[in-house]
Amino acid sequence: MPKYLTLVLLLIVTNSYAQNGKIIGIIYSSGQTISQSIVMLNPVSKFTFSDTSGKFVFKNLIDGNYTLSFSKIGCIPQTKTVKILNGKTIYLTIHLLQNSINIKAITIHAHKWVQGYIFGKYDLQLRPASSTQDLLRLVPGLFIAQHAGGGKAEQIFMRGFDIDHGTDFAIYVDGMPVNMTSHAHGQGYADLHFLIPE
């Protein structure tokens, strides 16, 4: 009976010993540690990123051969093969050579795209407005703010974009354009304070 127990204990120790391998490394480029470098570990298909001090770690590895691939934008990719024996830790220092980044020219073509929103007396009856700011709030996706007090056009934000006081955003009242093409405060300045909602 005691021999049987001893055998079981030896198997457990051997099994856990085989899973303790580690790979610890640090990545440099031009004498500086680099963060956010991608480190791939095969054949186990694991990956990690180097931290702010250039370090990376892979834990709980069984004995065997591993291939590490290192890549970072602006550096030449590098590959290294290591072998873990008896659950030991492998320490690596990787030096990535810098490489120029060639970006192809990008051509942007503008297409005329106009989206309008018209509101009339029924909108005002359903949603009464007490100021010009309330009128603008009827437009879907539009947010306004008054950051300087009265007497100045509202700051307009449309679907995440800052439109200033009317840049790239046209406002008409009964067909009359409100935006001013030239204004001391900015192009397209749109001041609706002349309009009385009632």
Side-chain angles (χ1 to χ4, degrees), residues 2-115 139-145 147 155-169 186-188:
K3 288 181 184 178
Y4 178 73
L5 288 175
T6 306
L7 179 60
V8 172
L9 289 173
L10 284 174
L11 285 174
I12 291 170
V13 170
T14 305
N15 228 3
S16 63
Y17 184 69
Q19 296 284 334
N20 284 340
K22 285 184 190 176
I23 299 173
I24 300 173
I26 187 165
I27 304 173
Y28 291 91
S29 181
S30 298
Q32 302 285 329
T33 58
I34 56 172
S35 63
Q36 297 303 308
S37 177
I38 302 169
V39 185
M40 292 287 301
L41 181 66
N42 285 309
V44 292
S45 298
K46 289 184 179 181
F47 76 93
T48 188
F49 294 91
S50 57
D51 63 16
T52 53
S53 60
K55 294 179 183 176
F56 68 91
V57 178
F58 289 104
K59 297 178 181 178
N60 302 320
L61 301 174
I62 61 172
D63 289 356
N65 295 317
Y66 294 92
T67 302
L68 292 109
S69 301
F70 306 91
S71 60
K72 170 82 175 175
I73 294 175
C75 295
I76 299 172
Q78 193 178 126
T79 304
K80 187 152 186 84
T81 303
V82 296
K83 185 171 187 176
I84 293 180
L85 288 172
N86 302 323
K88 294 198 175 176
T89 301
I90 304 289
Y91 295 94
L92 298 174
T93 301
I94 305 298
H95 296 275
L96 295 180
L97 298 175
Q98 290 194 347
N99 191 18
S100 60
I101 302 172
N102 297 320
I103 301 174
K104 294 181 181 178
I106 299 171
T107 305
I108 299 172
H109 299 281
H111 296 283
K112 188 173 182 182
W113 180 75
V114 177
Q115 179 179 358
V139 179
L142 187 137
F143 174 78
I144 57 171
H147 61 84
Q155 185 87 17
I156 303 171
F157 302 91
M158 184 72 170
R159 295 174 186 165
F161 293 94
D162 184 356
I163 303 173
D164 195 29
H165 299 283
T167 307
D168 298 324
F169 186 81
Q187 294 178 347

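We count residues from 1, following the sequence as given.
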Verify, without hydrogens or angle tests, whether Asp63 (side chain) and Asn86 (backbone) share a donor-acceptor contact under 3.5 angstrom. yes

Looking at OH of Tyr66 and CE of Met40, how far apart are the two atoms once the value is rounded to the nearest 0.5 Å? 14.0 Å

Can you name the one residue among Leu68, Ile24, Ile26, Leu41 that meets side-chain contact (heavy atoms from CB on, under 4.5 Å) with Phe56? Leu68

Are the side chain of Lys72 and the backbone N or O of Gln98 linked by a donor-acceptor pair below 3.5 Å? no

Compare all side-chain heavy atoms of Asp162 with those of Gln155 and state whether any distance is below 4.5 angstrom. yes

Approximate separation, where rounding is to 0.5 Å, of Lys46 NZ and Ile23 CD1: 9.5 Å

Can you tell me how far apart CG (Asn65) and CG (Asn42) are? Round to the nearest 0.5 Å. 12.5 Å

CD1 of Ile73 to CD1 of Ile38: how many Å apart, nearest 0.5 Å? 7.5 Å

Is the ring pair Phe157/Phe143 parallel, tilted or perpendicular, if the boundaries are 30 and 60 degrees? tilted

Grab the two heavy atoms, one from Ser35 and one from Thr52, that are nearest each other, plus how far apart they are. CB-CA, 3.7 Å

Residue pair Leu96 / Cys75: nearest heavy atoms and the distance that separates them: CB-CB, 4.0 Å

Donor-acceptor pair, distance only, cut-off 3.5 Å: does the side chain of Ser37 make one with the backbone of Ser71? yes

What one should report as the nearest heavy-atom pair of Gln78 and Ile94 is OE1-CG2, 3.7 Å

Given side chains that start at C-beta, do those of Leu142 and Ile156 come closer than 4.5 Å, heavy atoms only? yes

So, for Val39 and Phe70, which heavy atoms are closest and what is the spacing to 0.1 Å? CG1-CE2, 3.6 Å

Is there side-chain contact between Val44 and Ile62, with heavy atoms separated by less than 4.5 Å? no

To the nearest 0.5 Å, what is the distance between CG (Leu92) and CZ (Phe58)? 10.5 Å

Nearest non-hydrogen partners of Val139 and Met158, listed with the distance: CG1-CE, 4.3 Å

Determine the minimum heavy-atom distance between Ile27 and Ser50, stating which atoms define it. CD1-CB, 4.1 Å

